[in-house]
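Right, one structure below, let's go through it.
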Amino acid sequence: MADWGKISSRGNVEDRRSMGPAVVGGISITGVILYMLVNYLTNGQVNIPLDELESIPVDQQQSQNTEIFDGEDDYEVFASTVLGSNNDMWVNILKNENKSYTPPKLVLFREATESGCGTATSQIGPHYCTLDHTIYLDETFFDKLVDQYGAKGGDVAEAYIISHEVGHHAQSELGITDVVMEKMQQNGNDANELSVKLELQADCFSGLWANSIRDIGVLSPGEISEAMDAAATVGDDRIQEKANGRINPENWTHGSSEQRVFWFTKGYESGSLSSCDTFNQY
Ligand SMILES: [Zn+2]
């Protein structure tokens, strides 16, 4: 367990876990249009990188939440601390780029909740909505990662994933997302490849964050391997193999296990934004 108490910063976390799942029908028009646009541009050939662009409406379960979250619990403090330390880093990086940084919001929810990109559901996994600059996280996802995908899990693994999502926000603040979306619109055939590059860059950004807290003694030796294990577990090849026993790189949207670990490690070891230029390397 990392020593999160060494980080005093806090991010903007909204806890919706005590609310029931969002009711179907609340899909935002913008979200639907964006989904249709990407589908149209790519003839439906591309798997939309769900964790950053769009949440697809799925059948909602109307089950009741059994746990009631009243006030701030340990998880909210943890998520807020990870977010806060990411924000500290990005404020400085953006300042060096002569840009301002507006911190994202993080919404904790269970099962389903409204987002600026439509209905955010647990099935999608943690994701970032570019339209409302918010990260959506049902932390029970991490149990699934351990139970179904064989990840080792742990708080550092969870922090890696949260930081990856903050990385998507940073891409948006840096203007990278807009440029990539435009390229995707110009040539739908490149959409999967561009998506992989965006994802690997977010992994590298997550590595930058791990580097930024390295010297204040939050992580004890060896804990960084938790993050690398999580990066490998969410590789497209690993997930495809688990899902249907076959690996098809054509459909990748996030990159292989090896690529994800490579880029996380690159960010972690270099600590420099320029090392995360996935669009010109690899
Ligand atoms: Zn991502």
Side-chain angles (χ1 to χ4, degrees), residues 31 34-35 38 46-56 79 82-83 86 90 104-107 115-118 120-139 141-142 144-145 149 151 157-181 183-184 191-210 227-240 249 251-268 273 276-279 282:
L34 184 62
Y35 172 55
V38 176
V46 75
N47 296 318
I48 299 165
L50 286 180
D51 80 321
E52 74 192 90
L53 292 178
E54 176 52 22
S55 36
I56 295 175
V82 173
L83 183 57
N86 268 279
W90 284 112
K105 192 162 126 178
L106 189 152
V107 169
S115 94
C117 294
T121 67
S122 300
Q123 287 99 320
I124 295 168
H127 61 282
Y128 172 71
C129 171
T130 47
L131 300 175
D132 62 6
H133 311 292
T134 301
I135 295 160
Y136 291 87
L137 175 64
D138 176 345
E139 81 271 21
F141 165 81
F142 297 117
K144 252 183 259 168
L145 214 55
Y149 290 94
E158 298 183 15
Y160 146 73
I161 302 236
I162 293 172
S163 302
H164 170 102
E165 301 309 334
V166 183
H168 285 311
H169 176 69
Q171 287 172 324
S172 176
E173 295 284 286
L174 285 161
I176 295 168
T177 313
D178 283 348
V179 172
V180 173
M181 282 299 287
K183 280 187 188 165
M184 283 179 172
N192 267 349
E193 196 189 327
L194 289 166
S195 160
V196 168
K197 288 180 172 182
L198 267 180
E199 292 302 326
L200 294 176
Q201 186 174 59
D203 283 334
C204 190
F205 285 178
S206 184
L208 290 184
W209 163 79
M228 289 172 187
D229 174 73
T233 306
V234 291
D236 284 327
D237 50 347
R238 194 81 71 84
I239 286 176
Q240 280 181 345
N251 295 333
W252 287 1
T253 53
H254 287 70
S256 69
S257 298
E258 189 192 340
Q259 285 173 316
R260 300 198 71 163
V261 173
F262 173 89
W263 282 102
F264 173 83
T265 308
K266 197 158 190 225
Y268 176 63
L273 181 68
C276 295
D277 190 3
T278 54
F279 291 89
Y282 212 84

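In listed order, ligands and their atoms are each counted from 1.
Aromatic ring pairs are classed by plane angle as parallel below 30°, tilted from 30° to 60° and perpendicular above 60°; the pair Y128 and H168 is parallel.
Taking backbone and side-chain atoms together, H127 has no N/O/S atom less than 2.8 Å away from the Zn ion (ligand 1).
Nearest N/O/S atom of E199 with respect to the Zn ion (ligand 1) is recorded as OE1.
Partners of K105 according to the salt bridge (charged side-chain N to carboxylate O under 4.0 Å, His left out) rule, which considers only residues two or more places apart in sequence or in another chain, are E14. With sequence neighbours left out, D237 forms a side chain to side chain contact (heavy atoms under 4.5 Å, CB included) with I247, W252, S256, S257.
For the 3.5 Å distance criterion, the side chains of H254 and Q259 fail to qualify, holding no donor opposite an acceptor.
The NE2 atom of H168, the Zn ion (ligand 1) and the NE2 atom of H164 define an angle of 100° (nearest 10 degrees).
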